[in-house]
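Here the structure comes first, spelled out in structure tokens, and everything after it is commentary.
We number each residue from 1, following the sequence as shown.
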Amino acid sequence: MPVAASAIYFLNLRGDVLINRLYRDDVGGNMVDAFRTHIMQTKEMGTCPVRQIGGCSFLYMRISNVYIVIVVSSNANAASSFKFVVEAVALFKSYFGGNFDEDAIRNNFVLIYELLDEIMDFGYPQNLSPEILKLYITQEGIRSPFSSKASEKPVPNATLQVTGAVGWRREGLHYKKNEVFLDIVESVNLLMSSKGSVLRCDVTGKILMKCFLSGMPDLKLGLNDKIGLEKESQLKARPTRSGKTIELDDVTFHQCVNLTRFNSEKTVSFVPPDGEFELMKYRITEGVNLPFRVLPTIKELGRTRLEVNVNVKSSYGAKMFALGVVVKVPVPKQTAKTSFQVTTGKAKYNASIDCLVWKIRKFPGQTEATMNAEVELISTMGEKKAVTRPPIQMEFQVPMFTASGLRVRFLKVWEKSGYNTVEWVRYITKAGSYEIRC
């Protein structure tokens with residue numbers, strides 16, 4: 001069940017009701033008194049945005065000097081409730097000239113009531129797109145003298161927008177050169193032991209697109225995911241192609257993706273928005289190709305000296321390279337003096353973060369680099385305590401490499417006019433939480 005809101009209230013910081021709307025009769029009109037007494041007048045206002053009082057749940061958010069409170073009597077989806085509030089505030093701002101506060105609400109009572117009737121029906125969210133709602137709610141809000149001027153945008157086709165479910169793209173777009181840019185950006189999260197064994201590893205990725213296409217094109221994206229390749233071989237009655245396949249976990253799509261076709265054919269089909277957007281997000285936990293292996297060795301030479309040796313090996317292709325490689329080795333706070341010997345890059349001691357920082361501007365594939373450092377510590381009179389060393393951290397960016405092995409098999413663009421398109425595909429792998437125990 002989505003929101004199923006029973007009522008929505010707009011309160012100022014004193015708890016006075018500015019405007020409210022009851023959508024169901026399962027809560028009383030005095031429910032706001034319970035919110036004011038048990039939440040606003042206590043010190044727990046900012047601890048949790050969801051509170052239960054009696055048999056009702058209060059989901060609230062502060063925007064400027066206004067509290068927006070949604071009251072539900074059933075087990076509603078809290079994430080959908082807050083998403084509704086954020087989208088509703090963006091809608092109000094588009095009518096009020098960019099401002100949403102107590103004065104804007106007082107100046108636009110009639111317009112807000114009309115919008116509340118349109119964006120929620122019997123407690124269920126409806127269309128919250130400003131471009132679509134402005135087609136049939138043409139009343140302009142009273143703007144603040146400090147608000148920005150409304151931008152003049154072409155008016156989209158109302159019938160197509162409301163009934164055709166393509167509210168993210170307007171008609172009549174035209175480009176001299178039709179291009180599609182696709183970026184697969186991945187972040188590698190790793191926890192490795194000092195001996196090189198992997199303790200925890202996963203990849204979070206997203207596919208970013210930038211489209212400059214005329215008309216209303218239909219795009220079809222093919223990836224080397226295991227389920228998609230198996231489904232394609234079943235539909236075409238031929239064996240699956242050889243090559244690496246991956247299993248995508250926790251996949252989420254942009255609203256433009258045709259989920260019916262994805263569930264039946266396992267292909268990503270969509271009518272793209274104009275410009276830049278995030279097509280999908282995913283996570284991978286198996287078969288991760290680690291771009292770097294780090295083998296650290298730290299020896300204590302008495303009470304005032306440390307010997308640090310860090311060996312970094314790159315495992316991606318020899319024709320590839322990493323940019324902006326940074327290795328941070330934690331050292332004790334009482335570090336007094338350091339000396340370094342590195343095979344490539346530059347190293348120094350950063351006292352503000354208590355780390356030896358080794359920077360390599362460009363790291364070729366299938367190579368290794370070594371840093372040797374001697375650390376002198378300030379002598380202390382107290383008893384020697386067991387040292388708990390934080391893990392070594394890495395930062396890097398590897399173009400044209402994916403730790404998951406994800407690849408674009410094809411990107412097809414179809415439009416009724418039959419124009420030619422230019423497709424650009426790029427892969428980037430970055431360090432997320434890339435840590436090695438030492």
Side-chain angles (χ1 to χ4, degrees), residues 184-205 224 243-244 246 283-301 306-331 338-350 353-375 387 389-407 426-438:
I184 296 182
V185 182
E186 294 188 342
S187 296
V188 187
N189 303 304
L190 170 73
L191 180 60
M192 182 182 291
S193 70
S194 58
K195 297 182 179 180
S197 59
V198 177
L199 303 178
R200 184 184 71 246
C201 183
D202 69 89
V203 174
T204 57
N224 62 331
K244 182 178 179 180
I246 62 173
R283 189 171 68 92
I284 291 176
T285 56
E286 297 181 359
V288 177
N289 301 318
L290 296 177
F292 290 100
R293 292 273 180 176
V294 182
L295 297 175
T297 304
I298 300 179
K299 296 180 180 179
E300 295 185 14
L301 306 177
L306 291 177
E307 188 176 88
V308 180
N309 177 273
V310 180
N311 182 262
V312 181
K313 297 180 180 180
S314 58
S315 56
Y316 42 88
K319 295 182 179 180
M320 300 180 183
F321 54 87
L323 299 174
V325 178
V326 180
V327 182
K328 298 179 181 179
V329 183
V331 292
T338 57
S339 60
F340 299 93
Q341 184 177 358
V342 296
T343 56
T344 183
K346 297 180 179 180
K348 67 177 183 179
Y349 169 61
N350 190 330
I353 57 175
D354 297 315
C355 285
L356 307 179
V357 181
W358 180 21
K359 295 183 178 181
I360 304 173
R361 187 177 63 85
K362 190 174 182 179
F363 202 122
Q366 300 297 316
T367 59
E368 61 179 272
T370 304
M371 178 188 73
N372 294 310
E374 290 188 2
V375 180
V387 179
R389 297 192 184 95
I392 296 174
Q393 296 180 333
M394 276 197 74
E395 300 174 7
F396 55 80
Q397 180 172 307
V398 188
M400 303 312 295
F401 172 80
T402 55
S404 65
L406 185 67
R407 285 290 182 269
R426 182 173 61 171
Y427 305 92
I428 302 174
T429 294
K430 301 178 180 180
S433 176
Y434 208 89
E435 300 180 340
I436 302 92
R437 291 180 176 174
C438 54

Could you report the tightest heavy-atom contact between [X] and [Y], atom names first, then the distance?
X	Y	answer
Tyr316	Phe363	OH-O, 2.7 Å
Cys355	Val331	N-CG2, 4.2 Å
Thr429	Ala403	OG1-N, 3.4 Å
Pro364	Thr367	O-OG1, 2.7 Å
Ala369	Thr343	CA-OG1, 3.4 Å
Val398	Phe321	CG1-O, 3.9 Å

Under the ring pair (Phe, Tyr, Trp, His ring centres under 6.0 Å) criterion, do Phe340 and Tyr349 qualify, and how do the steps go? CA-CA 9 Å; Phe340 299 93; Tyr349 169 61; 8.3 Å; no
How about [X] and [Y]: do any of their side-chain heavy atoms sit closer than 4.5 Å?
X	Y	value
Met400	Lys319	no
Asn309	Thr370	yes
Leu290	Val198	yes
Lys430	Val185	yes
Pro391	Ile436	no
Glu186	Ser404	yes
Asn372	Val308	no
Phe292	Val188	no

Point-to-point distance, once rounded to the nearest 0.5 Å, from [atom1] of [X] to [atom2] of [Y]:
X	Y	atom1	atom2	value
Arg437	Leu191	CZ	CG	4.5 Å
Leu295	Cys438	CG	SG	12.5 Å
Asn350	Leu356	CG	CG	9.5 Å
Lys346	Lys359	NZ	NZ	10.0 Å
Gln366	Ser314	CD	OG	6.0 Å

Donor-acceptor contact below 3.5 Å, side chain Asn224 vs main chain Gly405: yes
Apply the side-chain contact (heavy atoms from CB on, under 4.5 Å) test between Val329 and each candidate in Arg389, Met371, Gln393; give the one that qualifies. Met371
Does Lys328 pair with Glu395 as a salt bridge, N-O distance under 4.0 Å? yes
Going by the angle between their ring planes, with limits at 30° and 60°, are Tyr434 and Phe396 parallel, tilted or perpendicular? perpendicular
Run the side chain to side chain donor-acceptor pair (under 3.5 Å) test on Thr285 and Asp202 for me, step by step, so that the C-alpha distance in whole Å, both residues' side-chain angles and the decisive distance to 0.1 Å come before the verdict. CA-CA 5 Å; Thr285 56; Asp202 69 89; over 6 Å; no
Neighbour count >12 (heavy atoms, 6.0 Å) for atom CZ, Arg407: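 Check passes, neighbour count above 12.
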